[in-house]
Amino acid sequence: MSTATTHDEHHHGAPSGLMRWIKTTNHKDIGTLYLWFSFIMLLIGGAMAMVIRAELFKPGLQIVDPQFFNTMTTMHGLIMVFGAIMPGMVGLANWQIPMMIGAPDMALPRMNNWSFWILPFAGLMLISTLFMEGGGPAFGWTFYAPLSTTFAPKSTDFFIFAVHMLGFSSIMGAINIIATVLNMRAPGMTLMKMPLFVWTWFITAFLLIAVMPVLAGAVTMMLTDRNFGTSFFSAAGGGDPVLFQHVFWFFGHPEVYIMILPAFGVISQIIPTFARKKLFGYSSMVYATASIAFLSFIVWAHHMFTTGMPVAGELYFMYATVMIAVPTAVKVFNWTATMWRGSMTFETPMLWAIAFVFLFTIGGFTGLMMGVAPADMQYHDTYFIVAHFHYVLVTGALFAIIAAVYYWLPKWTGHMVDERLGKIHFWWSAISVNVLFFPQHFLGLAGMPRRIPDYSLQFADWNMVSSLGGFAFGLAQVFFLFIVIRTIRSGEPATDQVWEGADGLEWTVPSPAPYHTFETAPEVK
Amino acid sequence: MAQQGSSRQSNHTVITVVVLVLIALGFFVASFFALPT
């Protein structure tokens, strides 16, 4: 009898105290943990970006020494990619995928707990390198050999171990998502009925399983080159430093899509809701996502045009790269067509989603420019590429995560977000982010190199403008923290459906979503 | 279609996990054989 009582309690409420979070196997708890971890990392990585922009505010060495500046660019990149964007997307997946396919939880809840709890330790290990003898990694987030092998500080071995742990966490998370999508769907939820966010994550999970082990292979070879006398990347021992770049970018290019495909999924959920229309071209969206994922595997050497390769190689990688514009354009067209003649309203999540469509597309276009091999000889390693990938990853991936938080926060907390504050946050961010990154196109085209703490006088004006935009954008995200905490604590009660045009299983459960949902599978028609 | 909580579903999950782990291990091992010959 007592067992039965305990059983009931277990199923109806959330346990309390610290142990709830450490031992949890609940997908909503783990999603929350991921999202908070992601936000903390965003603030840490953001603080490093502030150091970078402060140093670049004026020409000449201002605040930090060049070695530390390099450490900041390296750690900023690593922390934002592996600590902020990826865990942010996994947090959204954890919260939403089971609710969207009518499953009671993820397929492997205990592994889910492990996937998350590895992360803080990996993150701490990475950050701890800053305090070690010789300083932290300073070779750029791409950690090219021999900078990361022969000439790297001792702390690099801790960096390697941190990357191993991050990779392990990602692979386990990806296995969990695929197992959940394949085996836990409610009756009637066929693959082609799945919400697009689930589809994009399903495809992303396959990318993760294919490329994270290659990253693990790259850092393992680095480890043995550094400590055990092998010469994978050392020409002196018969190896090849260019091999490192190939192995790294075989991981690195799909990695870009790992960060952006779930963002496509988020936008494909939000736009139909606020246009009050079904998503235009659902099946073409699925096929476009799969095509982008496939193409992402066969274009890696476009990052290496200036490294040197046969002309035939340059031509192949150039054509394959610009081909990605086709399925991506299908997506942008479908989002636009969804809005066409819709009954649109512009609540906060929709504003972020529309900004995504505009600004991500700018990042996509500059990507095309650099995909053209002869043009890339000019752009390579300049601020133009810094502008390009920040349009893709900040106004693309980060904006999508913020849009998703505004969209689903009422479902998570039971409170509506204060629209006035959300809109202030949006306009503040949307303007400042363009002040921050748009001038970097001009700087790059004029020849300013990336990863350099000092620059010639002719770059001074736009650097100052960019830095001012950076400080404003950084401050806007602290305001976002305030809005999120305020919404968790108070706000208008949210209805079950939350948004008038919202459609899908997650909007059929109460707001806030109960600790356990869909213990009995819903019937999907 | 998956039936939640059934043993068939559990078997499918195990098979899915084993296949995915093997794919991951395959890519890990393959990365060491990328050396030019």
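Please read these numbers as outputs of a predicted model, since none were measured by experiment.
Proximity to chain B is absent for every atom of A/Leu215, based on heavy atoms less than 4.5 angstrom apart. Heavy atoms of A/Val247 lying under 4.5 Å from chain B belong exclusively to its side chain. Only the side chain of A/Phe206 has a heavy atom closer than 4.5 Å to any heavy atom of chain B.
When each of A/Thr230, A/Thr220, A/Thr150, A/Thr149 is tested with A/Asp225 by the rule side chain to side chain donor-acceptor pair (under 3.5 Å), just one qualifies, namely A/Thr230. If you run ring pair (Phe, Tyr, Trp, His ring centres under 6.0 Å) between A/Trp300 and each of A/Phe250, A/Trp249, A/Phe248, only A/Phe250 comes through.
Side-chain atoms of A/Thr142 and A/His303 form no donor-acceptor pair, as typed in the model, at a separation below 3.5 Å.
Considering all non-hydrogen atoms of both residues, A/Ile203 and A/Ala290 come closest at CD1-N, 3.8 Å.
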